[in-house]
Q: 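Mind having a look at this structure? Questions to follow.
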Amino acid sequence: MLRGRVMDSSTGTPIAGASLAITGTQQKAQTNENGEFNIALSGSNPSIEISYIGYESQIVRVNSQSFLEILLVSAQESLDEVVVTGYQTERKKDLTGSVSVVNVSEIMKSAENNPMKAMQGRVAGMTVTADGNPSGAATVRMRGIGSINSSQDPLYVIDGVPSQGGMHELNSNDIESIQVLRDASSASIYGSRAANGVIVVTTKKGKLGAPKLTFDSYLTSTYFNNQMEVLNAREYGQALWRANVNGGANPNSNNIGYYFDWGYDSNGLPQLNNTYLSKYLDSERTMYASDTDWFDEISKTGLIQSYNASLSSATDKGSSFFSLGYLNNDGTLKHTNFNRISARMNTDYKLFDGKLVVGENFTLNKTGEVQVPGDVLDLSLKALPMIPVHTIDGEGWGGPAQGMNDRHNPMRLLYDNRNNAYNYWRLFGNVYADVQIIEGLHIRSSYGVDYGNFYKRNMEVSYQSGFLNNNRTGVNMEQAHWMKWTWSNTANYRKTIDKHTFDILGGIEMNRQNDITFNAYTSGEGAFAIETPEYMWPGVSTGTAAVGGGATGFSLLSYFGKLNYSYNDRYLASFTVRHDGSSRFGKNNRFATFPAVTAGWRVSEENFMENTKGFISDLKLRVGWGQTGNQGIDNLATYGLFVPEYGVGDPTWVIIDGTAYDISGGGTGSLPSGYRKIQTENDDLKWETTTQTNIGLDFELFGRNLYGSFDWYVKETKDMLINPAYIGVVGEGGYRWANGASMENKGFDITAGFKNNTSFGLDYDITGVFSTYKNKVTHLPEAVENSYGGRAGDNIVGRPLGSFYGYVTDGIFQNQDEVDAHVNQTGKGIGRLRYVNVNDSDSEINDLDRTWIGTPHPDFSYSLNIALKYSAFDLSVYFQGVQGLDVENWLKKQTDFWSVDDVNSNKGTRLLDAWTPQNTSSTIPALQTTNSNDEGRFSTYYIENGSYMKLRNISFGYTLPSDMVSRWKMSRLRFYVSGQNLFTVKSKNFTGVDPENVGWGYPIPTTWTAGLNVSF
């Protein structure tokens, strides 16, 4: 006998009267009023078909289970799903703009504390980039690059409260839904800050039913699965010898401590027989010559811990949701860390039979982070391998000896920075009231706050590291308060007359942001008698002190309205207008209006489509046009600014900027301070405006098994806010914000999926995402048209923003005949790079031979998610990649050359394969102690194919049978393991470590996670 329960997948409510039948037999049963059933089994491992009107049928394999919990999906669920768009909710089937609804359950399978990182590649048209820093901070771009100098970040709206970022500071476990408004027609209701798209986040609330207690936890191990290969001590000696020999110098004249046994072979070519290194590096004999792998020294296996608990309940009188969360990420670089403690309370109360609803959504978060100090990763590449981490006694720090480059010990930098954490408190949320005046008419008022309190104490300690030493100690105290408030008042009226449905929204919104910063700095030779965190406070310093601080802010005032119309759920239209005023703009252009209009046609509801119902479940055509604004510039961008710079530094270095002057000619005493101009005013500065046209198609085919959408768009931005360079004759303070540039992004986004189940009980859902766009700058003011790449007559206009401009290389000179046959190129020689004479009107390599050599925009990006479920097991696999983009691999200056950058510092192992008379097939130039051929000039040598495909996430879980966990007072218990960034497929042309992190940021680690989900 098999027992079980059938419930609605969305609400969890029991389904009474559902039919059950054992396939291939006459045995049938129905669920009772509690959704429960009993059915006798026959045969070995039978399957049961479950069906109910208005729901999709399921076939489930019994296997050895004695109790089944079955969730039926409404046949209309995907279409009738309610999504939050802008100050209101809409049915998904009524949407006419380009809106993506994110599958939150899928992104939560990634062990990421920032939901934006987990969304990488999952939303067509949305690009997410990040390195591996413990905080999880990420950069999000929507449909290409939206601006040149002003902000390109999307607007985040969390429970109705706007924010410009900081998603890693909020707890992902509190999120109920995420909608991405990609085009102007859907985002224009947020006009003032919606030019770069809008991401609408709704947090969890209590649901009807018994109180629910949940607990989620995971542990994650993180490590580098690839790293830069650098020279060890023996290899460094080989490269040093080769560079000197090629340069005609005596390699034994080096002052690092190497001695080379070398000579010439029978062909007269140099030959290295052996390499020797002094036992001690310094004359004091405090440091043994070592063989240090600095990447191994600064890195470790990291550990992430996450614990989250929530308690929720709801009745017809109100609901509550309370959660607590803790996350700690000990990064893969030593002495780096991120931690977060979060608490959330969402409640609402329904009064007067639900006609008045009052509630709040608030979260309080405390984050702390020890960030990577300075250029530790770069130093790990450049620090010489023979330098030890510590001196012979194990207590002092190793460092460069005389004759070596003055590069710091990267391990010392990490250790000395270990106590320099920042702490940040953030209170975010809103209180609201919603009253129903008459049927269909709701008046809502919401007051939201986003308050941040930042504190950091940065301690500078004394050190001795080889010949590098510093007795100067100091401490810098930073404090900042950021207060943003938003007051929104809306009226929403919905009315249905016969087949006509109207939804009218009107509102007013006020925003204000006030930022206050303060810092105090004190330092000096031996300023602190004891160098510990307990002692190093400004009050006990014997050094000099300086203070700084300031305040700024801006205001927004907005009026908006929207009309949605639907006829018979077949013909749809929407009209939006928003009028915004910002204090950031000149007094002549403070306000701007942003309209939008969209139309939709549900073709599948037409009578002539009746015969296609068997394979076309839903088909909707969408067309939209709209405008949005961007005011992401400095709060004081429109003003002329003057500042005093008095006593701010050593006059040896800042004499040009200093404003002190002995105007009386006394020659003694304190000097009076003047002011210098740093910015020119512009009262005509106005809004940057983005206009988008979008044509889309939504489809569900073959019983809604095949689903997806297609969007084609043109995104044009004009009056772009730029702060260009200026010619010297303008004089000091020539920087001036202005409008003038224009840019276009044109592309299409495709999302498609297929879901079904097999006769043996396997459920599967496969989803693919594909996006492509073309970017080009369409206009620049004549005065600055050469400021963004290129030169006069060959500028960026008509090309993608950020395009690379440089020289073209054509291999390596193999013999003297090739050298002699080439045009005049200063420094040319055998084994050196050959540059193409692009400008063939002359016979020399010069600045006129630079041309356009690459673009950082990909040909397309894509992802594939495979979700499988069989019985109590679930498996998901997620791939993501980009194709056809060029990246600048500037690290080749360190991995391929001895003398281009930081001569005599350590290098990558690639240069061991550099060109020699015995190795003429190499593409790496011959090593040399001087850079006479100027091979550090920007050229195609540094442009590489940055395409990649990564296995982003694989997750495997098992949910224990409900009849088993019910004995432990649980309703659900699931265990899972997952891995992230398990492998990367990259172009053979790419010579770096990670094409996603080519700029040598915090390395992106491979992670393995074990976790559990419990519900009571």
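For this chain, numbers begin at 1 and follow the sequence in order. Computed from heavy atoms alone, side chains included, the values below leave out hydrogens, waters and symmetry copies.
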Q: Could you walk me through whether Glu369 and Tyr424 pass the side chain to side chain contact (heavy atoms under 4.5 Å, CB included) test, one step at a time?
A: CA-CA 9 Å; Glu369 183 180 9; Tyr424 179 51; over 6 Å; no
Q: Can you tell whether the side chains of Glu935 and Lys892 come within less than 4.0 Å, N to carboxylate O?
A: no
Q: More than 12 non-hydrogen atoms from neighbouring residues, nucleotides or ligands closer than 6.0 Å to OH on Tyr639, yes or no?
A: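 No, the 6.0 Å shell around OH holds no more than 12 heavy atoms from other groups.
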Q: Please report the closest heavy-atom contact between Ile508 and Tyr559, naming both atoms and the distance.
A: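 So the minimum-distance heavy-atom pair works out to CD1-CE2, 3.4 Å.
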Q: Identify the heavy atoms of His168 and Phe338 that sit nearest to each other, and give their distance.
A: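 Scanning both residues, the minimum pair turns out to be O-CZ, 4.0 Å.
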Q: Is a side-chain donor or acceptor of Thr689 paired with a backbone partner of Gly629 at a separation under 3.5 angstrom?
A: no
Q: What heavy-atom pair brings Pro400 and Asp406 nearest, and what distance separates the two atoms?
A: CG-CA, 4.3 Å
Q: Provide the closest heavy-atom pair for Trp425 versus Lys366 in the form atom of the first, atom of the second, distance.
A: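 Nearest pair, atom of Trp425 first, then Lys366: CZ2-CD, 3.4 Å.
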Q: If every non-hydrogen atom of Pro800 is compared with every non-hydrogen atom of Thr855, which pair is closest and at what distance?
A: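 Reported closest heavy-atom pair: CB-OG1, 3.6 Å.
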Q: With distance as the sole test, does Glu688 use its side chain to make a donor-acceptor pair with the main-chain N or O of Leu721 at under 3.5 Å?
A: yes
Q: So, is the end of the Arg412 side chain (NZ or CZ) under 6.0 Å from the ring centre of Tyr415 and within 45° of the ring's axis?
A: no
Q: Is there a side-chain contact between Asn337 and Pro134 in this structure, where contact means two heavy atoms from C-beta onward sitting under 4.5 Å apart?
A: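 No, too far: nothing below the 4.5 Å cut-off.
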Q: If only atom types and distance count, is the side chain of Thr473 paired as donor or acceptor with the main-chain N or O of Val461 below 3.5 Å?
A: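 No.
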Q: I'd like to know if the side chain of Gln152 reaches the main chain of Asn196, judged simply by a donor and an acceptor atom lying under 3.5 Å from each other, with no hydrogens or angles considered.
A: no
Q: List the steps and the verdict of side chain to side chain contact (heavy atoms under 4.5 Å, CB included) for His335 and Met411.
A: CA-CA 9 Å; His335 305 297; Met411 191 60 225; 3.7 Å; yes
Q: Please report the closest heavy-atom contact between Leu685 and Asn589, naming both atoms and the distance.
A: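 That would be O-CB, 3.6 Å.
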Q: Any sub-3.5 Å donor-acceptor pair from Tyr422's side-chain atoms to Gln371's backbone N or O?
A: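 Answer holds: no.
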Q: Using 30° and 60° as the class limits, which term best fits the ring planes of Phe454 and Trp482: parallel, tilted or perpendicular?
A: tilted
Q: Sub-3.5 Å donor-acceptor pair from the side chain of Thr717 to the main-chain atoms of Ser742, do we have one?
A: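 No; judged by distance alone, with no hydrogens or angles, the pair does not exist.
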Q: Say whether, by atom type as modelled, one donor and one acceptor occur between the side chain of Asn745 and the main chain of Ile145 under 3.5 angstrom.
A: yes
Q: Less than 4.0 angstrom from a charged side-chain N to a carboxylate O is my criterion; do Arg407 and Asp902 meet it?
A: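 Salt bridge between Arg407 and Asp902, a charged N being under 4.0 Å from a carboxylate O: yes.
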Q: May I ask you to check whether over 12 heavy atoms, not counting those of Tyr675, lie within 6.0 Å of atom OH?
A: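 At most 12 heavy atoms, drawn from other residues, nucleotides or ligands, come within 6.0 Å of this atom.
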Q: One thing to verify: whether Arg850 and Asp794 come together as a salt bridge, which I'm taking to mean a side-chain N less than 4.0 angstrom from a carboxylate O.
A: no
Q: Rounded at 0.5 Å granularity, tell me how far CD1 in Ile158 sits from CE in Met167.
A: 4.5 Å
Q: Apply side chain to side chain contact (heavy atoms under 4.5 Å, CB included) to residues Ile298 and Leu377 and explain how you reach the verdict.
A: CA-CA 9 Å; Ile298 69 169; Leu377 287 165; 4.3 Å; yes
Q: Side chains of Arg512 and Ser555: any donor to acceptor distance under 3.5 Å?
A: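 Ser555 vs Arg512: donor-acceptor pair found between side chains.
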Q: Can a donor-acceptor pair be found, under 3.5 Å and without considering hydrogens, that links the side chain of Asn739 to the backbone of Lys686?
A: yes
Q: For Phe897 and Tyr942, take the angle between the two ring planes, folded into 0 to 90°, and tell me which bin it lands in: parallel under 30, tilted 30 to 60, perpendicular over 60.
A: tilted
Q: What residue among Ile722, Thr680, Asp634 forms side chain to side chain contact (heavy atoms under 4.5 Å, CB included) with Trp737?
A: Asp634
Q: Would you call the rings of Tyr447 and Trp485 parallel, tilted or perpendicular, taking 30° and 60° as the class edges?
A: parallel
Q: Counting N and O atoms only, with roles assigned by atom type, does the side chain of Gln464 sit under 3.5 Å from a partner on the main chain of Gly466, one being a donor and the other an acceptor?
A: yes
Q: Using atom types as modelled and distance alone, determine if a side-chain donor or acceptor of Ser462 lies under 3.5 Å from a backbone N or O of Asn471.
A: no
Q: Applying side chain to side chain contact (heavy atoms under 4.5 Å, CB included), run through Arg426 and Asp450 and close with a yes or a no.
A: CA-CA 7 Å; Arg426 187 180 185 189; Asp450 184 359; 3.0 Å; yes
